[in-house]
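Input: a single structure, listed below in structure tokens.
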Amino acid sequence: MAWTLNRLFARSEPGLRSGRVRLVVPATRHYEAWSLLRETSRQHLEPFEPSWSADELSWAAFRRRLKRYRRDWKQGTAAPFLIERAEDGVLLGGVTLTNIRHGVTQSASLGYWIGLPYIRRGYAREAVGGALAYAFDRLELNRVEAACMPSNRASIAVLEGAGFCQEGLARRYLKINGVFEDHLLFGRLRQEARRDAENGAGDRDEQRLELDGAADASGGRQIGTGPPSIVAEGHAA
């Protein structure tokens, strides 16, 4: 409990381990690998993400991104992570908890992406499991929400595999690649995760986080305000 979100941001190594992946706080050292992976994966990612800016992959844009991440960590409104392969540190993608709210809501929204060279290998599912464990065990949230386009079968499989329940359809919910798209809405509850763990639910059980010497970041307690930010880059798995 003595650790704060700011100290976790400062100490992004070695990160939060979940199965074969490690969730790490974005830092300047990630820029080269991040920009290369995003550029390599552009055609794969763009159909599921908000429109990219003209300087999306520039160093200046990445610095602005890091500044926003630090602000969100400090305010306790978001928990952005990059996904690394635990065995060798290769960057695989990203996963983010946004619109973190405490008080009577105790919820957050989940977004994630996996780079094209690493899709269909189960990395997104393990990273989502780690993010859920972080949300429920560290932030003590009650609910995590996610949304994805009905055509994104891979992302639906990731969410269902992580124990999310489909709860409805939101019409023209998010502006993706310049067009407002319908989205399926999913939710996962803390009590469901505990029940599945007690029942030995196997693949549907979230990965327990190994803190590998990283911070115990249960401190962000401010209530998020403003519109929800469901997509962390996008749901591309």
Side-chain angles (χ1 to χ4, degrees), residues 3-35 37-38 41 45 49 62 64-100 107-115 118 121-141 144-146 155 158-159 162 188 206-220 224 229-237:
W3 290 88
T4 66
L5 289 173
N6 282 337
R7 292 179 71 183
L8 176 60
F9 198 97
R11 278 190 52 162
S12 61
E13 296 290 2
L16 309 175
R17 179 74 176 267
S18 176
R20 297 169 299 159
V21 305
R22 182 171 58 232
L23 309 185
V24 299
V25 176
T28 54
R29 71 171 183 88
H30 293 115
Y31 170 67
E32 185 174 349
W34 175 87
S35 61
L37 183 60
R38 296 282 295 172
S41 308
L45 297 174
E49 297 189 351
F62 190 73
R64 291 195 298 270
R65 183 183 296 265
L66 291 181
K67 183 177 180 179
R68 183 173 71 251
Y69 289 163
R70 291 189 179 97
R71 180 198 65 207
D72 292 344
W73 276 110
K74 183 177 181 179
Q75 294 176 347
T77 57
F81 296 101
L82 291 177
I83 306 166
E84 292 182 345
R85 192 161 56 198
E87 65 177 352
D88 55 13
V90 168
L91 185 65
L92 305 174
V95 60
T96 303
L97 293 165
T98 60
N99 200 33
I100 297 172
S107 66
S109 300
L110 175 74
Y112 49 86
W113 64 277
I114 295 291
Y118 309 110
R121 302 188 191 182
Y123 292 131
R125 190 161 164 179
E126 293 182 20
V128 167
L132 286 174
Y134 181 82
F136 295 143
D137 297 342
R138 302 289 161 184
L139 300 182
E140 299 182 348
L141 299 179
V144 175
E145 304 167 349
S155 189
V158 168
L159 294 172
R188 177 71 162 158
E206 287 81 6
Q207 296 285 339
R208 302 297 293 180
L209 286 181
E210 300 172 23
L211 287 180
D212 284 352
D216 179 356
S218 53
S229 178
I230 303 295
V231 179
E233 266 84 46
H235 284 80

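- Annotation: the span from L82 atom CG to W113 atom CH2 amounts to 7.0 Å, rounded to 0.5 Å.
- Between L91 and L37, the shortest heavy-atom contact is O-CD2, 3.5 Å.
- Annotation: side chain of R68 is in contact with side chain of R65 (closest heavy-atom distance under 4.5 Å).
- Note that CZ of R20 and CD1 of I83 are 11.5 Å apart. Values are rounded to the nearest 0.5 Å.
- Across all non-hydrogen atoms, the minimal contact from G115 to S41 is CA-OG, 3.3 Å.
- The two residues L141 and A108 have their closest heavy-atom pair at CD1-CB, 3.6 Å.
- A tilted orientation is assigned to the rings of F62 and Y31, their planes being inclined by 30° to 60°.
- With rounding to the nearest 0.5 angstrom, the CG atom of L92 is 6.0 Å from the CD1 atom of I114.
- Side chain of S18 to main chain of E126: a donor-acceptor pair is present (N/O by atom type, distance under 3.5 Å, no hydrogens or angles).
- Under the 30°/60° scheme for interplanar angles, the aromatic rings of Y118 and Y123 are found to stand perpendicular.
- Using a 4.5 Å cut-off on side-chain heavy atoms (C-beta onward), L110 and T96 make no contact.
- Distance check, rounded to the nearest 0.5 Å: CG of D88 to CZ of R22 gives 9.0 Å.
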Legend entry - Verdict with reasoning, V25 to Y69, per side-chain contact (heavy atoms from CB on, under 4.5 Å): CA-CA 9 Å; V25 176; Y69 289 163; over 6 Å; no
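- The structure places CG of L97 at 11.5 Å from CG of D72, a figure rounded to the nearest 0.5 Å.
- The two residues A131 and L23 come nearest to each other via the heavy atoms N-CD1, 3.8 Å.
- Taking all atoms of both residues into account, the shortest heavy-atom contact from I100 to A79 is CD1-N, 3.8 Å.
- Side-chain atoms of L16 and Y134, non-hydrogen and from C-beta on, do get closer than 4.5 Å to each other.
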